[in-house]
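Count residues from 1 along the sequence. Because only heavy atoms are used, hydrogens play no part in the values below, and waters and symmetry mates are left out as well, while side chains stay in.
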Amino acid sequence: VLVLGADKWSQLLDASFYESELARDAAVATLPQLAVAPRHDCSMPPHCVVLDVDLPHVSSTAARADRRDLVAPEAVPYL
């Protein structure tokens with residue numbers, strides 16, 4: 001299972017990251033089972049597990065900006 005946030009799912013669907021919409025569709029079709037944590041209304045992939053999470057204070061952007069309290073202790077050495 002690939003777990004990702006709604007923001008990343010939206011990026012994966014953005015055709016500007018691919019040679020064409022057909023290339024995007026082909027790439028998305030190769031993904032494993034998805035579990036998406038929606039933060040806002042967005043189109044969920046078919047057969048996707050929607051994670052019911054309420055963690056508005058958790059942000060990968062903030063974690064990358066050195067909010068170590070948002071990072072698993074095991075991952076801190078890799079920041």
Nearest heavy atoms of Ala27 and Thr30, plus distance in Å: O-OG1, 2.6 Å
- request: Give a yes or no answer on whether the side chain of Tyr18 reaches the backbone of Leu12 with a donor-acceptor pair at less than 3.5 Å.
  value: yes
query: Looking only at heavy atoms, which two atoms of Ala62 and Leu70 are closest? And how far apart?
result: CB-CD1, 3.7 Å
- request: List the steps, then state whether side chain to side chain contact (heavy atoms under 4.5 Å, CB included) holds for Leu2 with Gln33.
  value: CA-CA 6 Å; Leu2 175 62; Gln33 171 69 47; over 6 Å; no
query: Listed by chain and number, what are the side chain to side chain contact (heavy atoms under 4.5 Å, CB included) partners of Val3, not counting sequence neighbours?
result: Val1, Ala35, Leu51
- prompt: Distance from Trp9 atom CH2 to Leu31 atom CG, nearest 0.5 Å?
  reply: 6.5 Å
query: When you look at Leu34 and Leu4, which way does the side chain to side chain contact (heavy atoms under 4.5 Å, CB included) test go after all the steps?
result: CA-CA 8 Å; Leu34 298 176; Leu4 61 154; 3.7 Å; yes
message: With salt bridge (charged side-chain N to carboxylate O under 4.0 Å, His left out) as the rule and sequence neighbours excluded, what pairs involving residues 68-79 come up?
response: Asp66-Arg68, Arg67-Asp69
